[in-house]
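Single-structure report; data block below.
From a predicted model like this one, the values you see are computed outputs, not experimental measurements. Lettering of chains follows the sequences in order, A, B, ..., and the numbering in each one begins at 1. The basis for the numbers below is simple: all heavy atoms, side chains too, and nothing from hydrogens, waters or symmetry mates.
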Amino acid sequence: MVNVLRSQDGEIETTDQGSIPVGTVTSRRRVRSDSWARFAGRRFLNLVIVLLCLLIVDFLILRLIPGDPAQILASVAGAPDQAQNIERELGLDQSIWSQAVTYGGNVARGDLGRSFSTNQPVTEIIAERLLDSAALAGASLALVLLVSLPGGIAMGALTRDQRHRRLESVFTTLTSIVGALPPYFTATILAFVIAVQLRLLPVAGSDGLQTLVLPALAISIPAIAILLRIVRVETLDVMAQDYIRTARSKRLPGRLIYLRHTLPNVSTAALTIGGVLFAQIIGGAVIVEIIFGRNGLGSTLVQAVINRDYPVIQGVILVLGAIIVVVNAIIDLVLALIDPRTRTRQA
Amino acid sequence: MVAATACGSSDNEASGSDGSNGPTELVDGGAVDVRLTADWTNFDVQRLPSVANVQLVLPAYDRLIDFDGEKLVPYVAESWTESPDEAVFTLRDGVTCADGSPVTATVVANSFKRLVDPATKFTNRVQLFGSGAVTITPDDAAKTVTFAVDQPFSNLIYAFADPSSSIICPAGLADPALLETQMFGSGPYTLESAVHNDRVVFKLRDDWKWGPYGMTSATPGMPATITYRIVPDESTAANLLKTGELNLASVTGPDVERLVADKELTHQEVPYSTSALMVFNQSAGHVTQDQKVRQALTTAIDPEVWRKVANGGYGIHTTSYMAPTVPCFEPATADLLPEPDVDAARQVLLDDGWTYDGGVLSKDGKALSLSVLGTTSQNSGPDYLTAQFKEMGANVELTKVDFATYAKNLNSTDFSWDVTVAQLGSINAFAALPSTFAVPYMSGKVVADGGRNLYHIIDPGIEADVAKALSTTGDESCQAWSSLQKRYLTRSDFLPLGVPVDNWFSRNVEFQPMPIQPLTWRVVQGGS
């Protein structure tokens, strides 16, 4: 028999007393806390690296594309010295490295600069429009998960063991087509049919939940189609496992089989793909916001690119990039909670 | 000297309905939702005026005089005298700022002093006031403001109808930084709210009584609320018009057709005052410095085809750099334009010693090579030019870019393009003047010397015509403008490609098409 003792610093000591397995309980606790710490540390480091890369790449790329923000502000008809004055005021007459150092230092202090066009602080612009974009992205992601998970499981249940083959064929074809549709296409169709022809919902704007419906649908429909297929395939895979066969042989009700045994195992893959789809949702939102006249970060970004408003472009890309990384980190955390194997594997 | 006085007190009813199917009734207390195509930069109209900025200040600010589409009319000034050297305005009684303070001669003078002060960096000072110094003298007792210029400028009086000449009240001048985000005017509306990239809302003042033609806030049909919605996307704007979420908007592109077909909407084509021009880089080292080359290139292009491929067929034919409706338009310019014909174009160069071999024109062992600069907003227009020049016998490199890149290329002092199509809007937005485009973009100093002669059009005869036109008035001035128009075409300095039009659509709003401004908007019901 072995007595298990733990010292103040967590080290394990054992004495030869009895049959308790050496280090079992405290070892498990120590491994668990170590894996969480490593997991969180890895995610944070990932965030910092991605943001640094974003900062450097989008700063440089902007200055490589043609077009002069000073000339745009001065207008085509402006006096030649006017554009030069604006260039000086905006610091654009400095070398790229000087601009980069200045910008990097400002960002480290939380200052993302001021818009070339409106002179508003970029942080203020982002704060004003972040909620709108967050609402749209959140609504879209929620739609995707709420429709794809139960829908994919249902399709898996209906088509397992080669049943309803015609249904499977229709489903596969339809989801292939819809999944390939770009969000701006679905947005245009929805706007024309639902808003313009049927007048069921507003065409554009950011006021109220009604204005959120069509944009969220436009973004989520292609993503739903993609995730439906994946969830169905995962369901078929899970349904073929021994523990499901055992559950069936024990004559468990269907809802127990699907909710308690199938859903958690399918969720792992669905959430992982959901994280990737979230990045697509953010990208789709950029164009959809323009079509539906929403005052979010996406439409801000497009206008800033047209006007070569460097500080706004840089700030919005940084924030959107951070959001994607943070959301994926949260998804990883949720996965780790649902499936501890994920955490241990990564640790 | 010319004197003008206030007209009677009858309201100048806005006209402009096109295709109405029945009588309309003016509605009091209504609302107008109008489209802005881009976000505004700031509300200080004296600095960095953009199209969006200019439109937004109109509801909240007044001007000394107004342009009603045909002539200048009294506004805050009840009468005035004018000459190329001086303009003297006599102000109305009872004009007040939105904060209740009176608009006196000193208030008006101070606003204009800031406008012409070099520290303000007002970009269009030369176009509005000429290149001379401006002296501004108020007399509160006599209620007059005198503007004197030390270099005669026949366009001077039109400056005071321009939105940039809006009267800024003392509260705004006391802290000019506030002008970027707030409005301090005496106009019929006050700024209620403004959200970038979304909308700007104005509310009607109850006490505004000094509009042109006796207009007041009680004039039937005056909108109680004006909301400018920022809608950059053309299809979105078209959809908003169709559903009634916008009352008034200009739309371009493929969506125009479905809006024209919608009988619930009133459609008006509002022409620019200047033509789109195919212009040439005449600086040293460019083949287009050669007048024969320019003549050949202008012969190769059919303006009617340009209009179809660039503007979907919309536009007005013209034979000069100005629209036919502009004062001093010279009809004889029609006789100076060549018949479009690629073979005839080639022959011009063959007669000048060029050779044509293997589909390419050459001279002194050097092939004819051209660089064409276009923008994506010109649709297939630049491609049409390229195809025609190639058929004529030139090697052509086409650069078709977005506006930001186009603007940089156009204004660079070492620009590399040979041919482009320019469309410069009237700087004096409210009056179509014969000087627009010619001054300073096709005369005077080149960019490298601090001027804005973008195309290096340098000719003593042109300078003499411009100087005479700007320093004289009436028929004498018109003769100089006429001579200028003919001289440009004789030199093949450009080819007029037609006056573009803006397609405006409205629902339950009557408006005057020229100029587009809130003073003429009336909310109606009934009709089409």
- What distance separates A:Ser206 OG from B:Arg199 CZ, expressed to the nearest 0.5 Å? 8.0 Å

- Considering all heavy atoms of both residues, which atom of B:Thr41 and which atom of A:Ser117 are nearest to each other, and what is their separation? CB-O, 3.0 Å

- Checking heavy atoms, do the side chain of B:Val195, its backbone, both or neither come under 4.5 Å from chain A? side chain

- Message: Let me confirm one number: the CD-CG distance from A:Glu128 to B:Asp198, rounded to the nearest 0.5 Å.
- Response: 10.0 Å

- Item | Part of A:Ala204 lying under 4.5 Å from any heavy atom of chain B | both

- Task: Give a yes or no on whether a salt bridge exists between A:Arg308 and B:Asp402, defined as a side-chain N under 4.0 angstrom from a carboxylate O.
- Result: yes

- Can you run down the side chain to side chain donor-acceptor pair (under 3.5 Å) pairs that involve residues 177-205 of chain A, sequence neighbours left out, and say none if there aren't any? none

- Message: Does A:Leu209 have more than 12 heavy atoms from other residues, nucleotides or ligands lying within 6.0 Å of its CG?
- Response: no

- Task: Step through the shown structure and confirm whether more than 12 heavy atoms of other residues, nucleotides or ligands are within 6.0 Å of CD on B:Glu397.
- Result: no

- Query: Okay, side chain of B:Thr236, backbone of A:Ile291: is any donor-acceptor separation there less than 3.5 Å?
  - Reply: yes

- Task: Name the region of B:Arg125, side chain, backbone, both or neither, that has any atom closer than 4.5 Å to a heavy atom of chain A.
- Result: neither

- Task: Take A:Phe192 and B:Lys242 through the side chain to side chain contact (heavy atoms under 4.5 Å, CB included) test and state the conclusion after the steps.
- Result: CA-CA 10 Å; A:Phe192 183 71; B:Lys242 298 253 317 160; 5.8 Å; no

- Item | B:Asn197 side chain near A:Thr300 side chain, heavy-atom distance below 4.5 Å | yes

- Query: Based on non-hydrogen pairs under 4.5 Å, which of A:Gly293, A:Pro202, A:Gly205 is most in contact with chain B?
  - Reply: A:Pro202

- Query: For A:Leu52, does the CG atom sit with more than 12 other heavy atoms under 6.0 Å from it, leaving out its own atoms?
  - Reply: yes

- Item | Segment of B:Thr243 engaging chain A (4.5 angstrom heavy-atom cut-off) | both

- Item | Spacing of B:Asp39 atom CG and A:Asn307 atom CG [to the nearest 0.5 Å] | 8.5 Å

- Heavy-atom distance under 4.5 Å to chain B: side chain of A:Asp207, backbone, both or neither? side chain

- How far does CD of A:Gln120 sit from NE2 of B:His196, to the nearest 0.5 angstrom? 4.0 Å

